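A note on names: the letters A, B, ... follow the listed sequences, proteins ahead of strands, and every chain is numbered from 1. Here the structure is a predicted model, which means the values were calculated and not measured.
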Number of protein chains: 2
Amino acid sequence: MTTDSSHPEVLCCPPLAGTALTEQDAVQMASVYAALGDPVRLRILSIIASQDETCSCNLEGPIGKSQPTISHHTAKLAAAGLIVGERRGRWTWWRAVPAQMASLGAALSDLQTPQD
Amino acid sequence: MTTDSSHPEVLCCPPLAGTALTEQDAVQMASVYAALGDPVRLRILSIIASQDETCSCNLEGPIGKSQPTISHHTAKLAAAGLIVGERRGRWTWWRAVPAQMASLGAALSDLQTPQD
DNA sequence: TACTTACATCGACGTCCATCAATCTAAAGG
DNA sequence: CCTTTAGATTGATGGACGTCGATGTAAGTA
């Protein structure tokens with residue numbers, strides 16, 4: 001706050017729109033986006049989403065990572081709600097969750113909507 | 001399908017659909033999603049996207065982080081193509097890039113489309 | 001029972017990242 | 001000129017993350 005010689009503060013610092021993201025909401029959303037922020041997980045998700053069901057043994061080959069690494073990434077994708085796993089016999093079958101992906105896209109659309 | 005003990009390999013390991021994400025594409029996409037994988041950046045983006053223009057001095061207050069941290073995050077968002085900055089006098093004005101956000105939503109929609 | 005298989009978990013290592021204090025750069029005012 | 005201000009850059013630090021070998025666990029098989 002200097003003197004209002006030419007009101008620079010008015011240009012620089014208007015009151016913010018109060019409906020910005022809550023810190024809690026931001027943490028929640030960021031955790032899901034962070035799950036997509038890894039190339040290996042994106043490729044895993046693309047494989048799973050392109051089929052009805054995929055078992056982990058289908059992933060190690062194309063991805064080219066060790067079994068613990070694949071297990072680590074599928075667990076992260078599942079924690080983010082992007083895939084769900086079902087243990088059937090010796091194999092774990094993964095399915096994509098389209099609703100969660102659609103939710104992410106909708107969130108981005110909401111972000112870009114001005115709220116004058 | 002727990003009774004197919006005769007040919008488990010057929011159930012477990014069908015040939016993968018060849019159109020999974022390229023590693024290069026995955027790296028590219030992941031870098032953008034990683035930019036959204038931080039709560040501070042999400043809140044910054046929500047503030048910027050909710051206004052026509054926002055200068056950095058509008059961010060430090062609501063976000064509650066130091067000036068170098070804000071600068072660090074805006075640079076990351078800009079590198080991801082989510083915002084663009086224009087230096088005008090002493091202030092840097094940031095604008096959101098709706099096309100990039102829409103592109104991210106579209107990519108997620110493409111992922112969830114089966115390709116039987 | 002013992003063996004194999006698919007997957008999860010643990011432990012460790014190396015790297016990346018978020019954060020801030022200090023500093024630098026450039027622009028506006030006097 | 002000098003001072004102030006907005007913002008970028010640097011360097012350091014603490015924590016989170018990806019990766020893999022080794023091990024554990026549970027289900028199928030002989």
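The distance from atom CZ of B/Arg87 to atom C1' of C/dT25 is 8 Å, rounded to the nearest whole Å. One interatomic measurement links the two molecules: CG of B/Leu59 to P of D/dA8, which rounds to 10 Å at whole-angstrom precision. In this structure, A/Glu60 places its CD atom 11 Å from P of D/dC20, rounding to the nearest Å. Whole-Å rounding puts the B/Arg90 CZ to D/dA6 C1' distance at 7 Å. Computed from coordinates, the B/Arg88 CZ to D/dT5 C1' distance equals 18 Å when rounded to whole Å. What separates CD1 of A/Ile70 from P of D/dG18 is a distance of 13 Å, to the nearest Å.
The side chain of B/Thr74 lies closest to D/dA8 when the candidates are D/dA8, C/dT19, D/dG7.
Within the nucleic acid shown, B/Ser56 comes within 4.0 Å of sugar-phosphate atoms alone, with no base atom in reach, counting heavy atoms only. Among the atoms of the strands shown, only primed sugar atoms or phosphate atoms (P, OP1, OP2) are found under 4.0 Å from some heavy atom of B/Thr92. Among the atoms of the strands shown, base atoms are found under 4.0 Å from some heavy atom of B/Thr69.
Residues A/Trp94 and A/Ser56 bring a donor and an acceptor atom of their side chains to less than 3.5 Å of each other. No hydrogens or angles considered: nothing links the side chains of B/Gln100 and B/Ser103 as a donor-acceptor pair under 3.5 Å.
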Contact list (N/O, under 3.5 angstrom) for nucleotides 9-17 of chain D vs protein:
none

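Each of A/Lys65 and B/Trp94 lies near DNA chain D, and the nucleotide nearest B/Trp94 is the one positioned closer to the 5' end.
Using a 4.5 Å heavy-atom threshold, the side chains of B/Leu21 and B/Met29 count as touching.
Heavy-atom minimum distance, A/Ala107 versus A/Tyr33: CB-OH, 4.0 Å.
Using a 4.0 Å cut-off between charged side-chain N and carboxylate O, A/Glu60 and A/Lys65 make no salt bridge.
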Verdict with supporting geometry, B/Thr69 and B/Ser66, side chain to side chain donor-acceptor pair (under 3.5 Å): CA-CA 5 Å; B/Thr69 297; B/Ser66 68; 3.0 Å; yes
